[in-house]
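One is the number of the first residue; the rest follow in order along the sequence.
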Amino acid sequence: MMNNWFECKIKYEKMDDKGKGKKVSETYLVDALTFSEAETRISKEVAPFMTGEFSIAGMKKAGINEIFPSEEGDRWYKCKMSFVSIDEVNAKERRVSSTVLVLGSNIKEAWDNLAIAMKDSMADYEVSSISETQIMDIFPYTVDEEEGEKSAEQAMAEEISE
């Protein structure tokens with residue numbers, strides 16, 4: 001299944017150490033088919049962790065091709081890569097760009113985790129940049145959600161056929 005990632009900015013009021021409210025904005029990544037679905041999913045995912053009201057301040061397609069989580073790390077890093085291949089017909093080098101997210105504690109750890117994730121790849125690749133993102137958390141589809149959607153689709157199909 002191909003992932004379709006949306007970057008969602010959430011605004012809410014967060015209490016600081018002194019009990020004073022402060023407006024903050026946080027960025028999350030959610031896997032969804034449409035903007036409407038992304039809005040529904042991100043609202044459902046963050047609501048249990050918010051006290052009071054929150055708003056979705058913005059959404060955009062993220063353009064992420066792959067995500068490599070890790071056991072270690074607390075920050076997401078965006079890695080811009082190029083996969084290199086040789087066109088056998090005219091013997092020219094061809095590059096295909098890709099953007100991946102890697103979890104790490106710092107840039108070096110992100111680099112190491114990317115190398116680990118790519119170790120079984122047969123393709124030649126080059127990393128042109130690694131930069132820290134503002135992404136707090138990532139919400140991919142889970143098997144439960146996919147099954148829930150299938151049963152909702154089946155229920156809708158049953159209603160139509162009646």
Would you say that Glu26 contacts Lys14 through its side chain, given a criterion of any heavy-atom pair below 4.5 Å between the two side chains? yes
Which donor-acceptor pairs under 3.5 Å do side chains of residues 100-110 form with protein atoms, sequence neighbours excluded?
from	atom 1	to	atom 2	distance (Å)
Ser105	OG	Glu109	OE2	3.3
Asn106	OD1	Lys108	N	3.2
Asn106	OD1	Glu109	N	2.7
Lys108	NZ	Asp112	OD1	3.4
Lys108	NZ	Asp112	OD2	2.9
Glu109	OE2	Ser105	N	3.0

Should Glu126 and Arg95 count as an ion pair when the cut-off is N to O under 4.0 Å? yes
Any chance CD of Glu88 has more than 12 other-residue heavy atoms, nucleotides or ligands included, within less than 6.0 Å? no
Say you draw a straight line from CD of Gln134 to CD of Glu7; how long is it, rounded to the nearest 0.5 Å? 9.5 Å
Would a 4.5 Å heavy-atom cut-off, applied to side chains only, mark Asn65 and Asn3 as touching? no
With no hydrogens and no angle check, is any side-chain donor or acceptor of Asn4 less than 3.5 Å from a backbone partner on Leu33? yes
Would you call Arg41 and Glu39 a salt bridge, taking side-chain N to carboxylate O under 4.0 Å as the test? no
Should Met50 and Val30 be counted in the same cluster of Ile, Leu, Val, Met, Phe, Trp and Tyr side chains packed under 4.5 Å apart? yes
For Glu72, enumerate each residue passing the salt bridge (Lys or Arg N to Asp or Glu O under 4.0 Å) test, keeping only those at least two apart in sequence or located in another chain. none
Over all atoms of both residues, closest heavy-atom pair of Ile64 and Lys78: CD1-CE, 4.4 Å
When you measure from the side chain of Thr133 to the backbone N and O of Ile135, does any donor-acceptor pair fall under 3.5 Å? yes
Hey, mind stepping through Tyr12 and Val46 against side-chain contact (heavy atoms from CB on, under 4.5 Å) and telling me if it holds? CA-CA 11 Å; Tyr12 67 101; Val46 301; over 6 Å; no
Are Tyr125 and Met118 side-chain neighbours, meaning at least one heavy-atom pair lies under 4.5 Å? yes
Who pairs with Lys61 by side-chain hydrogen bond (donor to acceptor under 3.5 Å, both in side chains), at least two apart in sequence or on another chain? none
For Ile130 and Cys79, which heavy atoms make the closest approach, and how far apart are they? CG1-SG, 3.8 Å
Tell me, please, which residues at least two apart from Ser129 pass side chain to side chain contact (heavy atoms under 4.5 Å, CB included). Lys80
Roughly how far, to the nearest 0.5 Å, is CG of Asp17 from NZ of Lys22? 10.5 Å
Looking at side-chain heavy atoms only, is the closest gap between Tyr28 and Lys9 below 4.5 Å? no
Just grab all the ring-ring contact (aromatic ring centres under 6.0 Å, His included) pairs involving residues 30-86, residues at least two apart or on different chains. Phe6-Phe35
Cluster question for you: counting only ILVMFWY and a side-chain heavy-atom cut-off of under 4.5 Å, with indirect links fine, are Ile116 and Val127 together? no
Could you tell me the separation between the CD atom of Glu66 and the OG atom of Ser98, rounded to the nearest 0.5 Å? 7.5 Å
What residues form a side-chain hydrogen bond (donor to acceptor under 3.5 Å, both in side chains) with Arg94, not counting sequence neighbours? none
Is any side-chain heavy atom of Val96 closer than 4.5 Å to a side-chain heavy atom of Ser82? no
Linked, directly or transitively: Phe139 and Leu29 (ILVMFWY side chains, under 4.5 Å): no
Is it the case that one hydrophobic cluster holds both Ile10 and Met59, taking links as side-chain heavy atoms less than 4.5 Å apart, direct or via other members? yes
Mind listing the closest non-hydrogen atom pair of Ile42 and Cys8 along with its distance? CG1-CB, 4.0 Å
Check this for me: Glu13, atom CD, are more than 12 non-hydrogen atoms of other residues, nucleotides or ligands nearer than 6.0 Å? yes
For the CE atom of Met136 and the CD1 atom of Ile138, what is their distance to the nearest 0.5 Å? 12.0 Å
